Amino acid sequence: TQAAVATDASGRTTLVWQGSAGGQPEVFARSMTATVTRTFVADAGTSVQSILDSKNLGPGDFIVVQGDVLGGAVIAPDDAGVSIWGAPGSTLTGLIDVAGGAGGVLLQRITSIGVGQDPRKGIGGDIVVDGAARFTLSESSAGSVTLDAGTAAQIVANTLRGGTIIDTGLLVKGGVVDALIDRNNVSVVERSRAIDVESVGAAAPTGLVVSHNTLGMILPAPVVIAPVTFDLSAAASGRIYGNVINGKKTGVAGLPGTALLVGAAFTGTIDGNTIQGGDFGVRYDAPAALVDNVVTGNSVGIRTTVGDTTGGLGFAAGSGVNDVATNDIGILAVDAPFQRQHVVGNTVGAAGRGTVGGSSLDAANLFEKNGVAVGAFVGTVQYDRFVANDTAIKVSPVMNGLRVEHSVFSRNGRGVLVQAASDVKIRQNTFFTTGGTAVRLENGAANVEILGNTMWATAGGYDIFVANDSQAGFFS
């Protein structure tokens, strides 16, 4: 890490450094926006609120919290620009409310405790920002933060554990503009959301940046609501990148845990995140540009329900390749198409109903090293690549009527295995196998058509194997 420091004639210091903690080289800067003109001390005998009420505060005025201070604070517009700084070991108990019009407020190194908070569940005071501009919370510990409208808020390098007035760690709602949520640890205790993005009427957050955060939760016992680590249910815009989003597997039927819910159309990119550990990694219920994410260790990696080729998974403008790896089921399609995904090392790569693939190999899904790449799937498989899977496509009776077209199969143990299924058409594909079987029919398969394929088998492999019990209606 390289760093440089400079101080201007007014005594304002700027620190610039280079780092790569987020996985890519970045340049960071921290600067004093104002010099310190007056300092006031809040302690056991003097509350923060009493200082706010008795003084006309503004930019350059600092309140230093020392020891354990009770009473919280309501910061009114006539105290816009004030800074509240927590001395080491200090705590501030009670609600902190930043009123609309109180712009430029800074809370730094504050340890906020909720009134009556159970200390066994961690620290959990609540901070509410009611439309104030340029609010900053940094290097602090609290239960929850609510951003309700307002512009250019910065929530940076904090720890949030879940508060007492909302069921989430961070709530971003309504007309929030250009908020930055960066490098926080939001791991809530017995709450249903870590980050919740909501609309208020027609107003939804715009220019929202959520980056390099670690998100997770500790579930209550028993689980009574389906938990969602990152709930993106407003038609927001911005960028969500570089986060580690930890889901939960609840073990409760009907109450699955989801790491990331895309519940409304998101304008911008969701990129470079690690999304892991849930019953669902991603619930893709609205269009969004997902690219360069790693979706791993979930019961279902991505569940997609967007049923068109405009906003479907991998079709929405700006979409790219995601690594869907080592899940029980990689992608579960619910009457939906998907393309551009790298599906690797899953027990089953894809299941459900819809269309696996788009209209060109340029946007092909790549299925690699899965136990079964496509299984228990109803619909069409087209313009995909299958490499080194144990079985590329396992066709069971629930898949009657399957179409497999314009795809490339290379070095799979079995390319297309048809077992007891019927009305299967395999057309215009390319197969290469070394020691395996390109297409195998067995267990009473019937009415299977294999036409216009290019096949090459080496090392004792088979292009086509048709068992004696599977010749009825076979055509090639």
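In this text, all values refer to a predicted model and were calculated from it rather than measured experimentally. FYI, side chains are in, hydrogens and waters are out, and symmetry mates aren't considered; it's all heavy atoms of this structure.
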Ignoring hydrogens and geometry, is there a side-chain-to-backbone donor-acceptor pair from [X] to [Y] under 3.5 Å?
X      : Y      : value
Asn453 : Ile426 : yes
Asn213 : Val186 : no
Ser199 : Gly174 : no
Asp285 : Val262 : no
Ser140 : Ser138 : yes
Thr296 : Ala325 : yes
Asn298 : Asp279 : no
Ser407 : Asp384 : yes
Asn184 : Asn158 : yes

Flag the pair [X] / [Y] as yes when at least one side-chain heavy-atom distance between them is below 4.5 Å, and no otherwise.
X      : Y      : value
Phe338 : Val356 : yes
Ser470 : Val418 : no
Arg161 : Val188 : no
Thr151 : Asp178 : no
Asp126 : Thr146 : no
Met455 : Val439 : yes
Val404 : Asn429 : yes

Would Thr355 and Thr380 count as having a side-chain donor-acceptor pair, cut-off 3.5 Å?
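No pair is found: no donor N or O on one side chain lies under 3.5 Å from an acceptor on the other.
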Distance-only side-chain donor-acceptor flag, Asp182 / Ser211, under 3.5 Å
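Checked: Asp182/Ser211 side chains pair up, N/O donor to acceptor below 3.5 Å.
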Write down the atom of [X], the atom of [Y], and the distance for their closest heavy-atom approach.
X      : Y      : value
Val395 : Ala421 : CG1-CB, 3.7 Å
Ala373 : Ala392 : CB-O, 2.9 Å
Asn365 : Gln341 : OD1-N, 2.9 Å
Pro227 : Leu255 : CD-O, 4.1 Å
Val145 : Ile166 : O-CD1, 4.3 Å
Leu402 : Val381 : CD1-CG2, 4.2 Å

Mind listing the side-chain donor-acceptor pairs of residues 286-294 below 3.5 Å, one per line with the distance, residues two or more places apart or on another chain?
from, atom 1, to, atom 2, distance (Å)
Asn293, OD1, Gly272, N, 3.3
Asn293, OD1, Asn273, N, 2.9
Asn293, OD1, Asn273, ND2, 2.9
Asn293, ND2, Ile270, O, 2.8
Asn293, ND2, Val291, O, 3.3
Asn293, ND2, Asn322, OD1, 2.9

So Thr136 and Val156, side chain to side chain contact (heavy atoms under 4.5 Å, CB included) or not? Walk me through it.
CA-CA 8 Å; Thr136 299; Val156 180; 5.8 Å; no
Just grab all the salt bridge (charged side-chain N to carboxylate O under 4.0 Å, His left out) pairs involving [range], residues at least two apart or on different chains.
range            : result
residues 219-232 : Arg193-Asp231
residues 252-275 : Arg239-Asp271
residues 352-374 : Asp335-Arg353
residues 404-415 : Glu405-Arg427

Let me confirm one number: the [atom1]-[atom2] distance from [X] to [Y], rounded to the nearest 0.5 Å.
X      : Y      : atom1 : atom2 : answer
Leu313 : Thr305 : CG    : OG1   : 10.5 Å
Asn243 : Thr274 : CG    : OG1   : 9.0 Å
Asp167 : Ser144 : CG    : OG    : 10.0 Å
Ile155 : Phe135 : CD1   : CZ    : 5.0 Å
Ile450 : Phe431 : CD1   : CZ    : 7.5 Å
Gln428 : Leu451 : CD    : CG    : 8.0 Å

[X]: what forms a salt bridge (charged side-chain N to carboxylate O under 4.0 Å, His left out) with it, not counting sequence neighbours?
X      : value
Asp148 : Lys173
Arg385 : none
Arg403 : Asp423

Not counting sequence neighbours, which residues clear ring-ring contact (aromatic ring centres under 6.0 Å, His included) with [X]? List them please.
X      : answer
Phe266 : none
Phe386 : Phe367, Phe409
Phe315 : none

Enclosure of Phe474 CZ (heavy-atom neighbours >12, cutoff 6.0 Å):
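Counting other residues, nucleotides and ligands, CZ of Phe474 exceeds 12 neighbours.
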Side chain to side chain contact (heavy atoms under 4.5 Å, CB included) between Asn246 and Thr229, worked out
CA-CA 7 Å; Asn246 295 295; Thr229 306; 5.6 Å; no
Steps toward side chain to side chain contact (heavy atoms under 4.5 Å, CB included) verdict (Val128, Ile165):
CA-CA 10 Å; Val128 178; Ile165 65 173; 3.8 Å; yes
Can you tell me which residue pairs pass the side-chain hydrogen bond (donor to acceptor under 3.5 Å, both in side chains) test with a partner in residues 431-450, sequence neighbours excluded?
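Non-adjacent pairs meeting side-chain hydrogen bond (donor to acceptor under 3.5 Å, both in side chains): Gln419-Glu442, Arg440-Glu442.
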Please assess Val209 against Tyr241 for the test side chain to side chain contact (heavy atoms under 4.5 Å, CB included), listing each intermediate value before the final yes or no.
CA-CA 8 Å; Val209 175; Tyr241 71 100; 3.9 Å; yes
